[in-house]
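First the structure, in the form of structure tokens, and then the observations on it.
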Amino acid sequence: MGLTLDVSENGLLLNGAAITLPCDISELTAVLGKADKTSFGEVKRDMFDEDIDEQALAQLNAQTAQRACYTWNALGMHCHTDDGVTVNTLSLRMNDSTLMKHPDYYAKTMFSGTFTINDRPWLKQLEKGDRSEDTTELILGEYSVYATRTDCRMHLFSKAAKYSVIEISLDEDDDDIDDYGGLFSSVK
């Protein structure tokens, strides 16, 4: 039997275990096992379109140094923390597109478990969310299910354009995938 994840207004059920975000990383490891890789926050000069001075770069690195991302490669999942311990976002890699460059903290494989929203197939439920050219967001009580499409050009041709990643977090957490992109360097 594979991994199951359901998100609803009542929270998350991960293999039948109730998980409430934010949660301690130990709650996830109790269900998923030890992460394959841990990446820590790092701001790099090449992330900016403009030049950034050394002092500003050092200040940004000090602010993000405690961020950590835990990755479970075989499960196709990763999670984000701002302090290295408190998980605020759970992410699923949904396809293996070569159209999108995945950050190195993404799982090496796609999520192969069963993902549902309100105990129903996730894609059908996600269609009820707010859709832009390349993202869809569905609010479920306190939770947000945020999905990014692989190739936003597909949106013009297909209502069911492939999604590359699904992020689940508290709705009040305005962070999205782009806020974390490139901010992690692998250490395990």
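Index from 1, following the sequence. None of these values were measured; they are calculated from a predicted model.
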**OP:** Let me see the working for Asp171 and Tyr143 under side chain to side chain contact (heavy atoms under 4.5 Å, CB included), right down to the final yes or no.
**Re:** CA-CA 5 Å; Asp171 181 34; Tyr143 290 94; over 6 Å; no
**OP:** Measure across Gly76 and Ala107 and return the closest heavy-atom pair with its distance rounded to 0.1 Å.
**Re:** CA-CB, 3.4 Å
Subject >> Any donor-acceptor N/O pair, Tyr70 side chain to Gly84 backbone, under 3.5 Å >> reply: yes
**OP:** Could you check if a side-chain atom of Arg93 sits within less than 4.5 angstrom of a side-chain atom of Thr109, using non-hydrogen atoms only?
**Re:** no
Original post:
Quick one: side-chain hydrogen bond (donor to acceptor under 3.5 Å, both in side chains) pairs with a partner in residues 22-33, sequence neighbours left out?
Top reply: Asp24-Ser26
Subject >> Distance in Å, Phe111 CZ paired with Met94 CE, rounded so as to fall on 0.5 Å steps >> reply: 6.5 Å
Indicate every side-chain donor-acceptor pair of residues 114-121 with a distance under 3.5 Å to a residue at least two apart or in another chain.
from, atom 1, to, atom 2, distance (Å)
Thr116, OG1, Asp6, OD1, 2.6

Original post:
Would a 4.5 Å heavy-atom cut-off, applied to side chains only, mark Cys69 and Thr38 as touching?
Top reply: no
Subject >> Nearest atoms (heavy-atom pairs only) where Gly2 meets Asn15 >> reply: O-OD1, 3.9 Å
Original post:
Can you tell me how far the CD1 atom of Ile139 sits from the NZ atom of Lys128, to the nearest 0.5 Å?
Top reply: 14.5 Å
**OP:** For the residue pair Leu28 and Val87, establish whether any side-chain heavy-atom pair is separated by less than 4.5 Å.
**Re:** yes
**OP:** Go through the steps to decide whether Asn88 and Ser169 satisfy the test side chain to side chain contact (heavy atoms under 4.5 Å, CB included), and finish with yes or no.
**Re:** CA-CA 6 Å; Asn88 53 28; Ser169 62; 5.9 Å; no
**OP:** Kindly compute the distance separating NE2 (His78) from CH2 (Trp72), expressed to the nearest 0.5 Å.
**Re:** 10.0 Å
Subject >> Validation row: Thr86, Thr81 side chains within 4.5 angstrom (heavy atoms) >> reply: no
Original post:
Given side chains that start at C-beta, do those of Ser91 and His80 come closer than 4.5 Å, heavy atoms only?
Top reply: yes
**OP:** Please determine if Asp82 and Arg67 form a salt bridge, counting it only when a charged side-chain N lies under 4.0 Å from a carboxylate O.
**Re:** yes
Original post:
So, do Ile166 and Trp122 sit near enough that their side-chain heavy atoms are less than 4.5 Å apart?
Top reply: yes
Subject >> From Leu140 atom CG to Asn10 atom CG, the distance as rounded to the nearest 0.5 Å >> reply: 10.0 Å
**OP:** Give, for atom CG of Leu75 and atom OG of Ser112, the distance between the pair rounded to the nearest 0.5 Å.
**Re:** 7.0 Å
Original post:
Do you know which two heavy atoms are closest between Leu126 and Ala147, and how far apart they sit?
Top reply: CD2-CB, 3.5 Å
Original post:
Hey, does the side chain of Asn73 reach the backbone of Lys108 with a donor-acceptor pair shorter than 3.5 angstrom?
Top reply: yes
Original post:
In this structure, which one of Leu5, Ile19, Thr89 forms a side-chain contact (heavy atoms from CB on, under 4.5 Å) with Ile168?
Top reply: Leu5
Subject >> Close side-chain approach of Leu3 and Leu32, heavy atoms under 4.5 Å >> reply: yes
Original post:
Does one hydrophobic cluster hold both Leu90 and Leu123, with members joined at side-chain heavy-atom distances below 4.5 Å?
Top reply: yes
Original post:
Looking at residues at least two apart in the chain, or sitting in another chain, which of them share a side chain to side chain donor-acceptor pair (under 3.5 Å) with Lys124?
Top reply: none
Original post:
Is Arg149 close to Arg131 at the side-chain level, that is, under 4.5 Å between some pair of heavy atoms?
Top reply: yes
Original post:
Are Leu138 and Ser144 close enough, and set up right, to give a side chain to side chain contact (heavy atoms under 4.5 Å, CB included), and what steps lead you there?
Top reply: CA-CA 6 Å; Leu138 178 65; Ser144 167; over 6 Å; no
Original post:
Does any N or O in the side chain of Thr71 come within less than 3.5 Å of the main-chain N or O of Asp36, such that one atom is a donor and the other an acceptor?
Top reply: no
Subject >> Within one Ile-Leu-Val-Met-Phe-Trp-Tyr cluster: Leu13 and Val145, side-chain cutoff 4.5 Å >> reply: no
Subject >> Joint cluster assignment, Leu21 & Val31, ILVMFWY side-chain distance < 4.5 Å >> reply: yes
